Student: 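Have a look at this one.
In this text the structure is predicted, and so the values were computed from the model without any measurement.
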Amino acid sequence: QVRLVESGGGSVQAGGSLRLSCSVSMHGTFAMSYCMGWFRQAPGKEREWVANLDTNRRTSYADSVKGRFTISKDTAKNILYLQMNSLKPEDSAVYYCARHRSSGICRPGWGDLAHWGQGTQVTVSS
């Protein structure tokens, strides 16, 4: 069974930074050998893909965060990170960590085939 636990959310002023972490728990030694990423959902809006990282360490970002957010992972610690810089009020949302159930490749729509964490709130004030 896979368990994802996010942390690092909080409140910050516009222009500030936060680093989100996602701890991955799974029996076996390949807990992070899958497509992994971050999504977010603001009140009244649909879930939005933010960034992902495949098993070849290729990264992809939504246009809205490109150049400001960086996704990375530490496979020794089984932790996925999202470094968020130059935060804007429109970045406010619950951020969710996700891991593909079976693939190391991140294809569009992969979130429908993922394990999810419980989310962590990020609030950016102007």
Side-chain angles (χ1 to χ4, degrees):
Q1 186 175 353
V2 178
R3 183 167 181 242
L4 308 175
V5 180
E6 301 95 335
S7 61
S11 297
V12 65
Q13 288 192 328
S17 298
L18 285 172
R19 188 176 78 161
L20 305 184
S21 299
C22 173
S23 177
V24 182
S25 299
M26 189 189 84
H27 291 298
T29 58
F30 301 105
M32 303 195 65
S33 297
Y34 297 85
C35 165
M36 299 195 66
W38 293 91
F39 293 74
R40 66 187 182 187
Q41 188 168 20
K45 295 187 176 181
E46 293 189 353
R47 184 182 69 194
E48 175 188 23
W49 167 73
V50 175
N52 56 226
L53 177 68
D54 69 16
T55 52
N56 292 316
R57 294 187 178 267
R58 290 175 298 197
T59 58
S60 296
Y61 298 92
D63 287 343
S64 58
V65 306
K66 199 172 294 183
R68 300 187 297 121
F69 290 12
T70 302
I71 188 171
S72 63
K73 65 180 179 180
D74 184 332
T75 53
K77 297 180 180 179
N78 281 359
I79 299 177
L80 180 74
Y81 298 104
L82 184 68
Q83 178 66 45
M84 306 186 296
N85 298 329
S86 302
L87 282 162
K88 304 175 181 180
E90 51 263 43
D91 294 320
S92 297
V94 177
Y95 282 71
Y96 297 91
C97 170
R99 199 209 77 174
H100 201 296
R101 291 179 181 271
S102 59
S103 176
I105 304 300
C106 301
R107 295 185 176 90
W110 70 268
D112 293 336
L113 301 170
H115 297 286
W116 293 88
Q118 84 290 348
T120 186
Q121 177 72 47
V122 171
T123 302
V124 184
S125 58
S126 57

Student: Quick one: pull up CZ in Arg57 and OG1 in Thr75 and give me the separation to the nearest 0.5 Å.
Tutor: 5.5 Å
Student: Got a donor-acceptor contact below 3.5 angstrom from the Glu6 side chain to the Cys22 backbone?
Tutor: no
Student: Under a 4.5 Å side-chain heavy-atom rule over Ile, Leu, Val, Met, Phe, Trp and Tyr, are Leu18 and Val50 clustered together?
Tutor: yes
Student: Can you measure from CG (Leu53) to OG1 (Thr70) and round to the nearest 0.5 angstrom?
Tutor: 11.5 Å
Student: Check for me, please, whether Tyr81 and Ile71 land in the same ILVMFWY cluster - side-chain distances under 4.5 Å, paths through other members count.
Tutor: no
Student: Calculate, to the nearest 0.5 Å, the distance between atoms OG and CZ belonging to Ser7 and Arg19 respectively.
Tutor: 9.0 Å
Student: Only pairs under 3.5 Å count here: list side-chain donor-acceptor contacts from residues 103-113, not counting sequence neighbours, and write none if there are none.
Tutor:
unit_1 : atom_1 : unit_2 : atom_2 : d
Ser103 : OG     : Ile105 : N      : 3.0
Ser103 : OG     : Ile105 : O      : 3.3
Trp110 : NE1    : Asn52  : OD1    : 3.1
Asp112 : OD1    : Arg47  : NH2    : 3.4

Student: If you measure from SG on Cys97 to CD on Gln118, what distance do you get to the nearest 0.5 Å?
Tutor: 9.0 Å
Student: Rounded to the nearest 0.5 Å, what's the gap from CG on Leu80 to OG on Ser72? Could you check?
Tutor: 7.0 Å
Student: Answer whether the closest heavy-atom distance between the side chains of Ser64 and Glu48 falls below 4.5 Å.
Tutor: yes
Student: Ignoring hydrogens, what is the shortest heavy-atom contact between Ala51 and Leu82? Give both atom names and the distance.
Tutor: CB-CD1, 4.4 Å
Student: List the steps and the verdict of side-chain contact (heavy atoms from CB on, under 4.5 Å) for Gln1 and His115.
Tutor: CA-CA 10 Å; Gln1 186 175 353; His115 297 286; over 6 Å; no
Student: Determine, stepwise, if the pair Val2 / Trp116 fulfils side-chain contact (heavy atoms from CB on, under 4.5 Å).
Tutor: CA-CA 9 Å; Val2 178; Trp116 293 88; over 6 Å; no
Student: Return all side-chain donor-acceptor pairs below 3.5 angstrom for residues 88-96, not counting sequence neighbours, or 'none' if the list is empty.
Tutor:
unit_1 : atom_1 : unit_2 : atom_2 : d
Asp91  : OD1    : Arg40  : NH1    : 3.0
Asp91  : OD1    : Arg68  : NH2    : 3.0
Asp91  : OD2    : Arg68  : NH1    : 2.7
Asp91  : OD2    : Arg68  : NH2    : 3.4
Asp91  : OD2    : Lys88  : N      : 2.8
Ser92  : OG     : Pro89  : O      : 2.9
Ser92  : OG     : Val124 : N      : 2.8
Ser92  : OG     : Val124 : O      : 3.4
Tyr95  : OH     : Arg40  : NH1    : 2.8
Tyr95  : OH     : Asp91  : O      : 2.6

Student: If I take atom CD1 from residue Ile79 and atom CG from residue Leu20, how far apart are they, to the nearest 0.5 angstrom?
Tutor: 12.5 Å
Student: Under 4.5 Å between side-chain heavy atoms, counting indirect links through other Ile/Leu/Val/Met/Phe/Trp/Tyr residues: same cluster for Phe39 and Val122 or not?
Tutor: no
Student: Taking Asn56 for its side chain and Arg58 for its backbone only, find out whether a donor-acceptor pair lies under 3.5 Å.
Tutor: no
Student: Give me the atom names and distance for the closest heavy-atom approach of Ala114 to Ala98.
Tutor: CB-CB, 4.0 Å
